[in-house]
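The next block holds one structure in the form of structure tokens; read it before the comments.
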Amino acid sequence: MDSTGTESSAGTGAEKGKAAVSLTKATPAPTPAPTPAPTTAEAPDIQSHDTFVIKKKLSLTAGEYVVSVARPDGSEGEPVAYAREKRLSLRGQVTVYTDASRKSVLAAFMGRDHEVGYMYDVRDASGQSFGSFYEDAGGFFLRRTWQVRQPGTMKLTGRERSRVVAFVRFVWEFVPYLEYVPFIWPYRFKYTESGKPLMTVTKKLGLHTRYVLEILAPDIDRRLAIAHTLALDALEVD
């Protein structure tokens, strides 16, 4: 180093340059914002609707159903649920989904042994029961009768309205081999509590299995009503 200190100044500049480079390399590059994880599909707002059309789709692997909101003319509107029946289930097992992808469960039911025969508990996606139904064998001669229970709210009794159709169905079940074939004749169930009509289920005549569910009481859980309507078809030959 000379007397003017030139070498010392140059050395100091080089060291500052290295420090600047080192500091630049140590600073991490900004990372992009994470992509939000996909969320589970929300259940459709079915409680605000009173009339639904339930149509069975032809399938070789399982019983499949599409539940739609009914338009004023009775035709099928917006789909709000999809159901799938587990085949070869002796007690009947049906799962209802919020969409066609079958990723989000709206409700499900499966039979269990009970003093009345089979009791069907209807549960939500978490497994919590919010209703049940069973066929009342002693409810009325020939005419099929169902008891639908919504805890803390109401107890519905559903019965076939037509004695003629009930008689035809009764005979149908005793004809050899026909007991394994779904009853093709249209029918209607009327559900009451203390004599007051609160719900109806009508099976329509046509090439496709089709039901119209009409709910007359705002407090009836639509999930329970839909599940029971599906049971009328899914359990027909059980």
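Just so it is clear, the values below take in all heavy atoms, side chains as well, and ignore hydrogens, waters and symmetry mates.
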Query - Stepwise side-chain contact (heavy atoms from CB on, under 4.5 Å) check, M199 with E214 - result: CA-CA 6 Å; M199 187 175 84; E214 185 177 6; over 6 Å; no

Query raised in the report: Step by step, would you call H228 with Y191 a ring pair (Phe, Tyr, Trp, His ring centres under 6.0 Å)?
Result: CA-CA 12 Å; H228 175 64; Y191 296 78; 5.3 Å; yes

Query raised in the report: Hey, mind stepping through E76 and K55 against side-chain contact (heavy atoms from CB on, under 4.5 Å) and telling me if it holds?
Result: CA-CA 9 Å; E76 301 165 40; K55 187 175 180 180; 3.4 Å; yes

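One hydrophobic cluster, built from ILVMFWY side chains closer than 4.5 Å, holds both V80 and L106. Hydrophobic clustering of Ile, Leu, Val, Met, Phe, Trp and Tyr side chains at less than 4.5 Å, counting indirect connections, unites W146 with Y118. Placement of V69 and V212 in two distinct hydrophobic clusters is found when ILVMFWY residues are connected by side-chain heavy-atom separations under 4.5 Å, directly or transitively.
To the nearest 0.5 Å, the span separating CG on L198 from CD1 on I220 amounts to 5.0 Å. Atom OG1 of T200 and atom CG of L216 lie 6.0 Å apart (nearest 0.5 Å). Summarising the geometry, atom OH belonging to Y65 is positioned 3.5 Å from atom CG belonging to D233; distances are rounded to the nearest 0.5 Å. Here Y97 contributes atom OH and R102 contributes atom CZ; the two are 6.5 Å apart, rounded to the nearest 0.5 Å. Rounded to the nearest 0.5 angstrom, M119 CE and Y134 OH are separated by 6.0 Å. Atom OG1 of T209 sits about 14.0 Å away from atom NZ of K204, to the nearest 0.5 Å.
Side-chain contact check for E64 versus K56: every heavy-atom pair is 4.5 Å or farther apart. Under the 4.5 Å side-chain criterion, counting only non-hydrogen atoms from C-beta, R210 is not in contact with I54. Using a 4.5 Å heavy-atom threshold, the side chains of V96 and L230 count as touching. V148 is listed as a side-chain neighbour of L224, based on a closest heavy-atom distance under 4.5 Å. Taking the side chain as every heavy atom from C-beta outward, F133 and L156 never approach each other to under 4.5 Å. The closest side-chain heavy-atom distance from K155 to Q147 is not below 4.5 Å. Counting heavy atoms from C-beta outward, R223 and I46 have side chains that approach closer than 4.5 Å.
Annotation for S75 and V53: closest pair O-CG2, 4.1 Å, computed over non-hydrogen atoms. When all heavy atoms of F130 and D124 are compared, the closest pair comes out as CE2-N, 3.5 Å. What you find for A217 and I215 is that their closest heavy atoms are O-CG2, 3.4 Å. Residues Q47 and R222 approach most closely at OE1-N, 3.2 Å, considering heavy atoms. P197 and T192 make their closest contact through CA-CG2, 3.8 Å (heavy atoms, listed as atom of the first residue, atom of the second, distance). Residue E85 comes nearest to A234 through the heavy atom pair OE2-O, 3.6 Å, listed as atom of the first residue, atom of the second, then distance.
Using a cut-off of 4.0 Å between Lys/Arg side-chain N and Asp/Glu carboxylate O, R188 and E160 are scored as not salt-bridged. Ion pairing of D73 with R71 is absent here, as no side-chain N (NZ or NE/NH1/NH2) approaches a carboxylate O to less than 4.0 Å. A salt bridge does not link D136 to R159: none of the charged nitrogens lies less than 4.0 Å from a carboxylate oxygen.
Between the side chain of Q150 and the backbone N or O of D219 there is at least one donor-acceptor pair closer than 3.5 Å. A donor-acceptor pair is defined here as one N or O able to donate and one able to accept, closer than 3.5 Å; no such pair exists between the side chain of S129 and the backbone of G127.
The cationic group of R112 does not satisfy the cation-pi geometry with Y120, failing either the under 6.0 Å distance to the six-membered ring centre or the 45° limit from the ring axis.
In terms of the ring-ring contact (aromatic ring centres under 6.0 Å, His included) criterion, Y211 has no residue partners (sequence neighbours excluded).
With 3.5 Å as the limit, one finds no donor-acceptor pair spanning the side chains of S68 and E78.
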